[in-house]
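Notes follow once the structure below has been shown.
Chain A is the first sequence line, chain B the second, and so forth, proteins listed ahead of strands; every chain is numbered from 1.
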Amino acid sequence: MLKYSFKRLSQSLVTVFIVVTLVFLLMRLLPVEGYFGDGYDKLTPEQREAILRKFGLLDPWYIQLKNFYASLFKGDLGRSIIYRPDVPVLNIIKLKIPYSFAFGIVAIVLSLTAGLAMGIHMAREKGRIWDRIWSSYIVFINAVPSAVYLLFIQLYITNIKLFRLPMLFDRHNTISWILPAISMSLGGTAGYAMWMRRYMVDQLNQDYIRLARAKGMSDRQIMVKHVLRNAFVPMAQYLPASVLFTISGSIYIESLYSIPGMGGLLVDVIQRQDNPLVQTLVLIYSVLGIFGLFLGDILMAVFDPRIRLEKAGGAR
Amino acid sequence: MNEPILSVRDLVVKFSLRGQVLTAIRKASLDLYEGETLAIVGESGSGKSVFTKSWIGMLDANGWIDSGSIMFEGKNLATYTTEPEWLTIRGKKLAMVFQDPMTALNPLRTVGMQIQEALELHQDLHGEQARAKTVEILSEVGIDEPEMRYSQYPHEFSGGMRQRVVIAIAVACNPRILICDEPTTALDVTIQAQILELIRGLQRKMGATLVYITHDLGVVANVADRVAVMYAGEIIEYGTVEEIFYDARHPYTWALLSSLPQLGIKGEPLYSIRGTPPNLFADIQGDAFAPRNPNALKIDFVKGPPFFQVSQTHFAKTWLLDPRAPRVEPPATIKAMRDKYERYAL
């Protein structure tokens, strides 16, 4: 188990290194106008060169990369240029994380509960009416671009006088949390339901279910003791990644409801070409993703003895 | 003979498949006696498994018992429809061992826990007691270092050992009737004999009644007291193992025995039954085996035969036993066996 974790961890670190380098290099391909702030037209060519030199952009790319890694290890990710001039990017992001995180956690809890319940219900009612009803929900969510139905939710549900839900997020107004949180959980619910149903049906068709029945276990006991746990194992792999991604927030929903989170920030700083901020955000997103997958693999190994003992001398 | 422990009468089992109704078991009748070992033989698709599965309510969701009765301990199991009813006997009184031990165990639960589940359900043992009993059963089914094996997972066991675990689960149920559905088919030959020996030993110890489902007639000769031959969803002949092997009367039994490589005559091509089993979606007119039977009589195509008694224990469902029927000689291999038997037995 330790050996396995260590192996997966080192693989993840290599991936992180590659991703970080790629992100950095790709950022060098972006136009440099962003570095001049709003006064681009008023600057003389000499002043422009001075600014570029200040940011180290005139050095060859490998020197820039070396400098980038040097400051990264010191915990310095640079300063914002346009969004909040001269403020360290980490300070800006720090303020955004709590909102994204809070919404993310609510969304995860909602979508996990609803999705797993829906998936279990579908598996038990396989081929019958409820299976079809929930299936059509899943097809809808996957087939219709989220921008469309999320916009409709915002427009039409806030229109219903009975609920009096506000159009935009306001941190002092509790009910303004409801719509964004629900919107964020819709996709996850469909995903969890679909996979849970699929894995449960897989398990229900296994031979060991037949033996468990022949043993005299009731359907309910079989569900709880055998099927649910076994169906959950493949799901476990994706859980940490989705939990971690909540920190980074939902790009679209945050800008839709003006939630001051990281997702909204990313849209903002890309539009305004604040390159150090974009670079840091993309970096955080990718590291979270890689780390999430790593945790998923570990979690799966915890649940599934066949992975755990693969190289430890078990029979076959 | 004493009273049967389980008595099946005119059982009809049907399945609905893509809107059509298939009759898998067609009025099969069978008595099972306390403590005996009965083998049910027949080719693939003859309904051996479905027949026994219907006794414990484990037909697939699209199957049902259409008519007939299954009497066990004074109750008619054929009338059971709900899960709680079946749970009063399934696993408790009638347990089943399946064919493929490689997939019969839950890969994510320890072997010990899977045996213990049965103990907790049927023997009212819990916690430490159940654990101790599980270890005891593990060693009873011939697993070394049972303490250590208790907390291992199925993938750490070989095929033969997994079958031992499956048998251990059946033992933990402590059933009155144990149904073994081709318990050795998936195992290699050296392991097969060990598993059969193990089952026999346990049967003696538990005093259980055993039902083997198999198409391996070698296994039958080894373990069975009585044999029932199934064809197209009905029992067409039954008797003691000697009666079936040396004095078979039904043309299908002859054909089945003739196709045994061990009984074939050297140099001659191995006998095989021509044609295919009847279509179970259609109504079968007369004797189901008639279209494949070289000796079929005219009446075989019109009216199904009743059971004719050959001896006190031996019955066969063929018009050939009717006093009015012409005399039909069994095939050479069967006659050779009969002669050999008479020579040595008398």
Side-chain angles (χ1 to χ4, degrees), chain A residues 1 4 122-131 196 199-237 299-316, chain B residues 52-53 56-58 60-62 82-84 86-111 113-122 151-159 161-162 165-166 169-170 172-175 178-179 181 186:
Chain A
M1 182 72 193
Y4 174 78
M122 284 171 84
R124 300 202 68 166
E125 298 282 318
K126 188 182 153 230
R128 287 192 282 254
I129 184 76
W130 278 108
D131 189 18
M196 193 63 190
Y199 290 132
M200 277 186 64
V201 170
D202 272 3
Q203 293 302 322
L204 282 171
N205 288 331
Q206 297 285 324
D207 280 354
Y208 72 81
I209 297 296
R210 200 174 53 168
L211 182 69
R213 286 185 72 197
K215 223 191 267 188
M217 293 178 83
S218 67
D219 283 350
R220 179 169 291 269
Q221 286 168 319
I222 291 173
M223 274 293 167
V224 176
K225 289 196 175 171
H226 290 277
V227 179
L228 275 183
R229 180 180 163 185
N230 289 27
F232 196 71
V233 170
M235 304 267 304
Q237 197 181 6
L299 199 61
M300 186 133 141
V302 169
F303 279 120
D304 193 337
R306 285 170 300 181
I307 297 172
R308 193 153 74 214
L309 295 161
E310 197 173 23
K311 295 267 163 59
R316 261 174 304 195
Chain B
T52 49
K53 274 184 188 168
I56 56 173
M58 278 193 51
D60 290 339
N62 58 342
T82 62
E83 208 204 355
W86 281 115
L87 286 180
T88 58
I89 63 128
R90 188 195 295 156
K92 229 176 214 78
K93 305 281 176 66
L94 277 85
M96 205 156 177
V97 170
F98 293 102
Q99 180 175 350
D100 191 355
M102 301 312 281
T103 53
L105 298 167
N106 184 341
L108 300 189
R109 309 203 79 202
T110 61
V111 161
M113 277 315 295
Q114 296 190 52
I115 300 170
Q116 208 164 310
E117 269 172 3
L119 282 175
E120 285 168 4
L121 277 171
H122 304 302
S151 44
Q152 285 191 333
Y153 290 90
H155 69 272
E156 298 168 78
F157 284 62
S158 68
M161 297 228 296
R162 284 187 217 187
V165 173
V166 173
I169 290 173
C173 294
N174 198 16
L178 178 61
I179 304 161
D181 191 349

Task: Closest-packed option against chain B by number of heavy-atom pairs under 4.5 Å, given A:R210, A:K225, A:R229, A:Q221 - done: A:R210
Task: Under 3.5 Å donor-acceptor, B:R90 side chain and B:G57 backbone - done: yes
Open item on the list: Report which part of B:Q152 has an atom under 4.5 Å of a heavy atom belonging to chain A: side chain, backbone, both, or neither.
Closed with: neither
TODO: Give, as side chain, backbone, both or neither, the part of B:L121 having an atom under 4.5 angstrom from any heavy atom of chain A.
DONE: side chain
Open item on the list: side-chain contact (heavy atoms from CB on, under 4.5 Å), that's the test. Do B:V97 and B:D181 meet it? Break it down for me.
Closed with: CA-CA 6 Å; B:V97 170; B:D181 191 349; over 6 Å; no
- [ ] Go through B:M58, B:Q99, B:Q114 and name the one with the most non-hydrogen pairs under 4.5 angstrom from chain A.
- [x] B:M58
- [ ] Check whether any side-chain heavy atom of B:K92 sits under 4.5 Å from a side-chain heavy atom of B:P175, and report yes or no.
- [x] no
Open item on the list: Report which part of B:L87 has an atom under 4.5 Å of a heavy atom belonging to chain A: side chain, backbone, both, or neither.
Closed with: side chain
Task: Atom pair CG (A:D304) and CD (A:Q237), whose distance is rounded to the nearest 0.5 Å - done: 10.5 Å
Task: A:Y208 and A:N230: side chain donor to acceptor below 3.5 Å - done: yes
- [ ] Would you tell me whether B:E117 and B:H122 have side-chain atoms, one donor and one acceptor, within less than 3.5 Å of each other?
- [x] no
TODO: Name the orientation class of the two ring planes belonging to A:F232 and A:F303 (parallel below 30°, tilted from 30 to 60°, perpendicular beyond 60°).
DONE: perpendicular
TODO: First locate atom NE2 of A:H226, then atom CZ of A:R213, and finally report the distance between them rounded to the nearest 0.5 Å.
DONE: 13.0 Å
TODO: Determine which residues belonging to residues 123-131 of chain A lie within contact range of chain B, meaning some heavy atom pair is under 4.5 Å apart, and list them by number or answer 'none'.
DONE: none
